[in-house]
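Structure first, commentary second.
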Amino acid sequence: MITLKEALQLPKEEIIALREDLKKAIEEKKELGAYVEQLQGIQISEYGEGIPIAIKDNIQVMGWNVTSASNILQGYVAPYNATVIDKMLSHGLAPFGRTNMDEFAMGSSTETSFYGKTLNPHNTKCVPGGSSGGSAAAVAAGIAIAALGSDTGGSIRQPAAFCGCVGMKPTYGKVSRYGLGAYSSSLDQIGPITQNVEDAAILFDIIAGHEIKDSTSANLVHEKVSDKLNSDKKQTIAVIENYLEEANDAIKDVMKNAIKALEEAGHKIVYKSLSDSKYDIATYYVIAAAEASANFSRYDGVRYGNRTESSNLKEMYKKTRSEGFGEEVKRRILLGTFVLSSGYYDAYYIKAQKARHFIKSRFEEILSEADLIFTPVTPTTAFEFGSKSDPLEMYLQDIYTISVNLAGLPAISVPIGKASDGMPVGAQFIGKAYGEQNLFDGALSLEKILK
Ligand code: GLN
């Protein structure tokens with residue numbers, strides 16, 4: 001598949017031809033279910049005429065049935081564009097297709113989608129990761145030039161790692177969340193999923209920047225990173241020893257090779273440790289569920305999408321929400337409501353906020369002595385469908401990614417090889433807040449050495 005960088009050089013007629021070819025390729029790979037349209041057997045959604053970019057089904061595109069892969073949003077038509085979409089359009093890019101995801105971005109396998117499964121292109125018995133599984137599978141299968149995903153606790157980086165592509169989560173506040181279906185507002189960020197590091201930098205530059213419609217948008221002038229990419233820059237890279245120890249042997253071996261390669265390329269490797277990831281998991285699931293329970297009160301059958309008719313208002317809310325939300329979403333709403341309730345607020349929610357502060361300060365300590373942090377993205381390679389039926393086991397998928405969202409830092413997942421099972425392995429660089437230039441430079445350096 002042509003890269004985004006190459007596509008940006010194409011004359012208009014060739015872009016039109018490219019879009020037609022892509023539609024055929026998507027039809028041929030229908031069984032992958034990377035796009036919601038493939039799963040529904042309908043025509044690919046389009047808006048504008050630029051270079052086609054696949055869009056996760058929780059990002060507003062005017063006129064599209066944007067649903068966060070939920071039953072409750074069937075029939076909802078987005079009345080406006082997310083800021084990232086308007087920015088893309090002004091750079092000659094155009095939204096093309098809705099990619100499948102876990103319902104409301106809750107999950108790590110895309111198995112909770114209302115539309116059904118997305119298959120991992122490297123082994124169709126395995127999940128593509130989640131929640132942006134459709135975006136990652138589409139890029140990996142050569143049926144998207146690039147895609148947008150969203151990352152609340154790893155949902156861009158983990159599927160990118162499972163599918164062997166690049167996925168990047170920006171610093172919190174760097175990319176406007178206006179028009180992103182809110183899951184956990186203090187953690188959510190939109191970011192690129194691409195075929196290589198340079199394309200990720202290009203797409204990040206297009207979508208980043210201050211904007212008043214998102215009150216948490218950082219009031220900074222965006223300095224483009226893609227023009228200044230420098231893979232020769234030598235950096236101090238902190239390897240997190242306790243994370244590496246926890247990963248399974250297949251991941252460990254590939255990671256160790258990558259660390260050796262970074263050292264041979266002239267980077268300085270230092271060894272550090274981070275707090276036990278079990279605290280990250282607990283902190284994240286309290287905060288994310290609390291924020292989700294508040295955000296999801298808007299899905300009431302009145303404002304958006306599906307409504308179950310009833311004889312009175314209260315009954316209508318109840319039935320609409322009972323029928324509209326899937327199991328995992330309900331579990332999170334219940335958990336979130338519980339940790340925010342009086343009597344439990346201090347014991348859980350306030351405690352989690354304190355733990356979040358602690359996690360952030362530990363990252364800051366390490367990043368005062370190193371330019372970048374280097375960790376695995378996932379503890380294992382892509383797993384088989386249905387193999388994680390216990391929700392807690394699924395939550396453990398995020399042990400290396402969620403603390404980054406809690407700390408608000410930028411991070412990128414880069415493919416570093418294959419494990420003995422033949423499945424892709426990804427490594428993660430974590431940068432300083434607003435330190436995207438160093439992050440992309442480090443990632444590009446690694447990508448080049450491993451080629
Ligand atoms: N797997 C995590 C969750 O289910 C993260 C998802 C995400 O980043 N959107 O909450």
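Every heavy atom of this structure was used, including side-chain atoms; hydrogens, water molecules and symmetry mates were not.
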TODO: For the pair Ser387 (side chain) and Glu384 (backbone), establish whether a donor and an acceptor sit closer than 3.5 Å, ignoring hydrogens and angles.
DONE: yes

Task: Check: Phe440 ring centre within less than 6.0 Å of Phe204 ring centre - done: yes

Task: Mutual orientation of the aromatic rings belonging to Phe296 and Phe325 [parallel < 30°, tilted 30-60°, perpendicular > 60°] - done: parallel

Task: CA sep, side-chain torsions, deciding dist, call: Tyr76, Tyr299, ring-ring contact (aromatic ring centres under 6.0 Å, His included) - done: CA-CA 11 Å; Tyr76 164 73; Tyr299 303 112; 8.5 Å; no

Open item on the list: Tell me whether the count of non-hydrogen atoms from other residues, nucleotides or ligands lying under 6.0 Å of OH in Tyr348 goes above 12.
Closed with: no

Task: Distance-only polar pair, side chains of Asn58 and Ser68, donor-acceptor under 3.5 Å - done: no

Open item on the list: Testing the 3.5 Å rule here: is there a donor-acceptor pair between the side chains of Asp214 and Thr83?
Closed with: no

TODO: Measure across Cys163 and His122 and return the closest heavy-atom pair with its distance rounded to 0.1 Å.
DONE: O-NE2, 2.7 Å

Open item on the list: With heavy-atom distances below 4.5 Å as the criterion, would you say the side chains of Phe374 and Ile269 are in contact?
Closed with: no

Open item on the list: So that I can tick it off, tell me whether Lys360 and Glu364 are bridged by a salt bridge, with the cut-off set at under 4.0 angstrom between side-chain N and carboxylate O.
Closed with: yes

Task: Distance, nearest 0.5 Å, that separates CD1 of Ile402 from CG of Leu187 - done: 9.5 Å

Open item on the list: Atom CD1 of residue position Ile212 - does it have more than 12 heavy atoms of other residues, nucleotides or ligands inside 6.0 Å?
Closed with: no

Open item on the list: I'd like to check Leu89 versus Tyr47 (side-chain heavy atoms, cut-off strictly below 4.5 Å). Are they in contact?
Closed with: yes

Open item on the list: Looking at every heavy atom in both Met106 and Ala292, which two are closest together, and how far apart are they?
Closed with: CE-CB, 3.6 Å

- [ ] Measure from the side-chain N and O atoms of Asp205 to the backbone N and O of Ser226, and report whether any donor-acceptor pair falls under 3.5 Å.
- [x] yes

Open item on the list: In this structure, is the centre-to-centre distance between the rings of Tyr284 and Tyr395 below 6.0 Å?
Closed with: no

Task: Presence of salt bridge, Lys272 and Glu369, under 4.0 angstrom - done: yes

- [ ] Compare all side-chain heavy atoms of Ser132 with those of Met101 and state whether any distance is below 4.5 angstrom.
- [x] no

- [ ] Have a look at Arg157 and tell me which of Val166, Ile430, Val414, Thr401 forms a side chain to side chain contact (heavy atoms under 4.5 Å, CB included) with it.
- [x] Thr401

Open item on the list: Within the structure provided, determine whether Tyr400 and Leu274 are in side-chain contact (heavy-atom separation under 4.5 Å).
Closed with: no

TODO: Supply the atom-to-atom distance Ser131 OG to Asp151 CG, rounded to the nearest 0.5 angstrom.
DONE: 8.0 Å

- [ ] State, to 0.1 Å, how close Gly50 and Ile15 come at their nearest heavy-atom pair, and which atoms those are.
- [x] O-CG2, 3.5 Å

Open item on the list: Other residues, nucleotides and ligands only: do more than 12 of their heavy atoms fall within 6.0 Å of CZ on Phe338?
Closed with: yes

Open item on the list: For Asp441, run the salt bridge (Lys or Arg N to Asp or Glu O under 4.0 Å) check against Lys233, Lys228, Lys448 and tell me which one passes.
Closed with: Lys233

- [ ] Please tell me if the side chains of Phe385 and Val127 come closer than 4.5 Å, counting only heavy atoms from C-beta onward.
- [x] yes

Task: Side-chain donor-acceptor contact under 3.5 Å, Tyr243 with Ser277 - done: no

Task: Any donor-acceptor N or O pair under 3.5 Å, side chains Glu241, Ser273 - done: no

Task: Residue pair Tyr115 / Thr67, side-chain donor-acceptor N/O under 3.5 Å - done: yes

- [ ] Check whether any side-chain N or O of Asp102 sits under 3.5 Å from a backbone N or O of Glu111 as a donor-acceptor pair, and report yes or no.
- [x] yes

- [ ] Begin from the C-alpha positions of Arg177 and Gln189 and carry the test side-chain contact (heavy atoms from CB on, under 4.5 Å) through to its verdict.
- [x] CA-CA 7 Å; Arg177 291 182 294 109; Gln189 273 290 287; 3.9 Å; yes

Task: Closest non-hydrogen atom pair, Cys126 against Ala382 - done: SG-O, 3.8 Å

Task: Gap separating the CG atom of Asn295 from the OG atom of Ser184, nearest 0.5 angstrom - done: 7.5 Å

Task: Any donor-acceptor N/O pair, Ser413 side chain to Gln428 backbone, under 3.5 Å - done: no

TODO: Return yes if a side-chain donor-acceptor contact under 3.5 Å exists between Thr378 and Gln397, otherwise no.
DONE: no

Open item on the list: Tell me if a side-chain donor or acceptor on Glu328 pairs with a main-chain N or O of Gly107 at a distance below 3.5 Å.
Closed with: no

Open item on the list: Under a 3.5 Å threshold, yes or no: a donor from one side chain and an acceptor from the other, between Ser403 and Arg362?
Closed with: no

TODO: For Gln38 and Leu32, indicate whether the former's side chain and the latter's backbone hold a donor-acceptor pair under 3.5 Å.
DONE: no

TODO: First locate atom NZ of Lys234, then atom CG of Leu262, and finally report the distance between them rounded to the nearest 0.5 Å.
DONE: 10.0 Å

- [ ] Start with the C-alpha gap between Tyr344 and Val339, add the side-chain angles, then the distance that decides, and say whether side-chain contact (heavy atoms from CB on, under 4.5 Å) holds.
- [x] CA-CA 6 Å; Tyr344 296 100; Val339 299; 5.8 Å; no

- [ ] Could I get the full list of side chain to side chain contact (heavy atoms under 4.5 Å, CB included) partners for Thr236, not counting sequence neighbours?
- [x] Lys268, Val270, Ala370, Asp371

Task: Side-chain touch Lys117/Thr110, heavy atoms, less than 4.5 angstrom - done: no

TODO: Could you check if a side-chain atom of Val66 sits within less than 4.5 angstrom of a side-chain atom of Leu73, using non-hydrogen atoms only?
DONE: no

Task: Evaluation steps, side-chain contact (heavy atoms from CB on, under 4.5 Å), between Tyr172 and Asn405 - done: CA-CA 8 Å; Tyr172 185 76; Asn405 300 68; over 6 Å; no

Task: Criterion side-chain contact (heavy atoms from CB on, under 4.5 Å) on Tyr183 and Arg332, from CA distance to verdict - done: CA-CA 11 Å; Tyr183 162 12; Arg332 308 274 184 113; 2.5 Å; yes

Task: Val175, Leu180, Ile53 screened by side chain to side chain contact (heavy atoms under 4.5 Å, CB included) with Val84, the one that passes - done: Val175

- [ ] Please report the closest heavy-atom contact between Glu37 and Ser45, naming both atoms and the distance.
- [x] OE2-OG, 2.5 Å

Open item on the list: Donor-acceptor check, side chain of Glu291 to backbone of Ser186, threshold 3.5 angstrom: yes or no?
Closed with: yes

Task: Closest approach of Gln158 to Gly129 (non-hydrogen atoms, all atoms of both residues) - done: OE1-CA, 3.3 Å

Open item on the list: Looking at Lys87 and Ala208, would you say the former's side chain and the latter's main chain have a donor-acceptor pair under 3.5 Å?
Closed with: yes

Task: Separation of Ile350 CD1 from Leu340 CG (nearest 0.5 Å) - done: 9.5 Å

Task: Sidechain-backbone polar pair: Asp199 side chain, Lys5 backbone, donor-acceptor under 3.5 Å - done: yes

Task: Ser275 vs Asp280 side-chain heavy atoms within contact, under 4.5 Å - done: yes

TODO: Say whether, by atom type as modelled, one donor and one acceptor occur between the side chain of Thr99 and the main chain of Ile55 under 3.5 angstrom.
DONE: yes

Open item on the list: For a quick check under 3.5 Å, do Asn438 and Lys432 share a side-chain donor-acceptor pair by atom type?
Closed with: no

Task: Parallel, tilted or perpendicular, as decided by the 30° and 60° cut-offs, for the rings of Phe383 and Phe162 - done: perpendicular

Open item on the list: Nearest 0.5 Å, please: how far is CD in Glu436 from CD in Glu223?
Closed with: 11.5 Å

